**Student:** 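Take this structure first; my questions come after.
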Amino acid sequence: VTPLDPVPVIGGTGALGFGLALRLASAGVPVVVGSRDAARAAAAASEIHDRTGCPVEGMVNADALRRGPIVVLSIPFASQIATLKGLRDAWAPGQILFDATVPLATAIGGRATQILRVPQGSAAQQAAAELPPGIELVSGLHTISARVLADLAARLDEDVLIAGDSADAKRRVASLLATVGGLRAVDAGRLEAAALIESLTPLLIGINARYKTHAGIRITGVAC
Ligand SMILES: NC(=O)c1ccc[n+]([C@@H]2O[C@H](COP(=O)([O-])OP(=O)(O)OC[C@H]3O[C@@H](n4cnc5c(N)ncnc54)[C@H](OP(=O)(O)O)[C@@H]3O)[C@@H](O)[C@H]2O)c1
């Protein structure tokens with residue numbers, strides 16, 4: 001991965017995906033916004049271009065996915081399996097899925113401060129089961145507020161816990177995140193740790209509601 005590899009964002013029209021795409025673009029990383037709808041993708045890409053001056057493309061998810069080695073998945077938990085099944089034939093060996101999915105209880109009408117038990121262990125492990133061979137999965141981004149990402153005037157100063165079974169894939173994702181000033185990746189371990197990381201989101205949502213803020217997390221005592 002070089003800093004200039006395009007980064008496809010599946011669900012790049014949504015809150016988190018758009019915010020991340022905006023931050024990457026403003027750091028000079030080429031971004032490809034993916035959507036189920038080409039016009040929605042183009043509109044989001046055009047807004048990111050207008051706000052950053054960087055060239056940004058928008059296209060349907062399967063076409064976006066083919067454009068870069070690290071593919072961000074930023075869609076609701078309820079649509080994760082169906083979306084990945086629909087994209088199964090688009091992958092090329094060696095690509096990495098960077099999955100931000102959180103199994104919030106809102107997927108079944110519950111509260112955003114509660115998490116669902118996923119049979120595979122976590123949303124990330126559920127996603128990994130839907131990938132063809134040769135695609136590594138890294139889980140992360142769960143504690144980053146979409147609102148803060150989308151506000152380019154807001155200073156980022158927080159960690160992104162990442163989990164995955166490939167040390168190389170985690171290194172590549174960490175380098176990508178380092179291009180966004182104020183974000184530091186911390187390796188939280190193998191993919192099974194994703195369940196622990198995903199559970200931080202409903203925790204933060206509750207904290208945010210009580211303190212009327214958009215809190216993130218910082219791991220102390222770790223130099224990386
Ligand atoms: N928002 C946050 O601050 C935040 C923080 C950490 C983690 N997360 C996690 O990140 C993921 C994305 O969150 P979000 O808030 O960005 O979600 P969102 O805005 O509700 O949705 C993101 C995108 O997913 C696509 N989508 C929606 N319904 C779909 C469906 N039924 N099938 C396929 N695609 C669908 C839409 O894109 P198109 O309609 O253009 O296809 C939408 O723009 C979630 O799993 C969330 O838990 C969010």
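Small disclaimer: the values here were computed from a predicted structure and weren't measured. In each ligand, atom 1 is the first atom listed, and ligand 1 is the first ligand listed.
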**Student:** Under 4.0 Å from a heavy atom of T83: which atoms of ligand 1 are those, numbered in the order shown and with their elements?
**Tutor:**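 By the 4.0 Å cutoff, the relevant atoms are 33 (C).
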**Student:** Suppose I only count heavy atoms of L141 and a 4.0 Å limit; which atoms of ligand 1 are within that range?
**Tutor:** 6 (C)
**Student:** Contact between R184 and I219 at the side-chain level, heavy atoms closer than 4.5 Å - yes or no?
**Tutor:** yes
**Student:** Could you tell me the residue and atom name of the protein heavy atom closest to atom 34 (N) of ligand 1, and the distance to it rounded to 0.1 Å?
**Tutor:** R36 NE, 3.4 Å
**Student:** Can you tell me the protein heavy atom closest to atom 14 (P) of ligand 1 and the distance?
**Tutor:**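 Result: L16 N, 3.9 Å.
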**Student:** Does the side chain of D157 come within less than 4.5 Å of R218's, by heavy atoms?
**Tutor:** yes
**Student:** Mind checking whether V173 and L176 have side chains closer than 4.5 Å, heavy atoms only?
**Tutor:**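 V173 vs L176: side chains apart.
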**Student:** Which heavy atom of the protein is the closest neighbour of atom 9 (C) of ligand 1, given with residue, atom name and distance?
**Tutor:** A100 O, 3.3 Å
**Student:** Can you tell me how far OG of S145 sits from NE2 of H214, rounded to the nearest 0.5 angstrom?
**Tutor:** 5.0 Å
**Student:** Examine distances only and state if a side-chain atom of T201 and a backbone atom of H142 form a donor-acceptor pair shorter than 3.5 Å.
**Tutor:**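 Confirmed, T201 side chain pairs with H142 backbone.
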**Student:** Would you tell me which option among I75, T101, I205, N61 has the nearest heavy-atom contact to atom 44 (C) of ligand 1?
**Tutor:** I75
**Student:** What part of V102, side chain, backbone, both or neither, has a heavy atom within less than 4.0 angstrom of ligand 1?
**Tutor:** both
**Student:** Among all protein non-hydrogen atoms, which one is nearest to atom 15 (O) of ligand 1, and what is the separation to 0.1 Å?
**Tutor:**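 Answer for atom 15 (O) of ligand 1: A15 CB, 3.6 Å.
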**Student:** Compile the donor-acceptor pairs under 3.5 Å between side chains in residues 101-120 and protein atoms, sequence neighbours left out, one pair per line.
**Tutor:**
from: T101; atom 1: OG1; to: Q80; atom 2: NE2; distance (Å): 3.3
from: T101; atom 1: OG1; to: D99; atom 2: OD1; distance (Å): 2.5

**Student:** Does ligand 1 have any atom that is closer than 4.0 Å to a heavy atom of D37?
**Tutor:** no
**Student:** In the protein, what heavy atom is nearest to atom 42 (C) of ligand 1, and what distance, to one decimal place, separates them?
**Tutor:** T13 OG1, 3.8 Å
**Student:** With a cut-off of 4.0 Å, which atoms of ligand 1 are near a heavy atom of I144?
**Tutor:** 3 (O), 5 (C), 6 (C)
**Student:** Just so I know, are the side chains of V9 and V33 near enough to count as touching, which here means a heavy-atom distance under 4.5 Å?
**Tutor:** no
**Student:** Among protein heavy atoms, which sits nearest to atom 1 (N) of ligand 1, and what does the distance come to when rounded to 0.1 Å?
**Tutor:**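 Going by distance alone, atom 1 (N) of ligand 1 is nearest to A146 CB, 3.6 Å.
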**Student:** With a cut-off of 4.0 Å, which atoms of ligand 1 are near a heavy atom of S35?
**Tutor:**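 Under 4.0 Å from S35, ligand 1 has these atoms: 38 (P), 40 (O), 41 (O).
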**Student:** Any non-hydrogen side-chain atom of D63 less than 4.5 Å from a side-chain atom of V32?
**Tutor:**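 They are not in contact (no side-chain heavy atoms under 4.5 Å apart), so the answer is no.
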**Student:** For atom 22 (C) of ligand 1, what's the nearest protein heavy atom and its distance?
**Tutor:** S74 O, 3.4 Å
**Student:** Could you identify the single nearest non-hydrogen protein atom to atom 21 (O) of ligand 1 and state the distance to 0.1 Å?
**Tutor:** P76 CD, 3.7 Å
**Student:** Between atom OG1 of T13 and atom CG of D37, what is the distance when rounded to the nearest 0.5 Å?
**Tutor:**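 One finds 8.5 Å between OG1 of T13 and CG of D37.
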**Student:** So, do L141 and V72 sit near enough that their side-chain heavy atoms are less than 4.5 Å apart?
**Tutor:**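 Result yes, sub-4.5 Å side-chain heavy-atom pair found.
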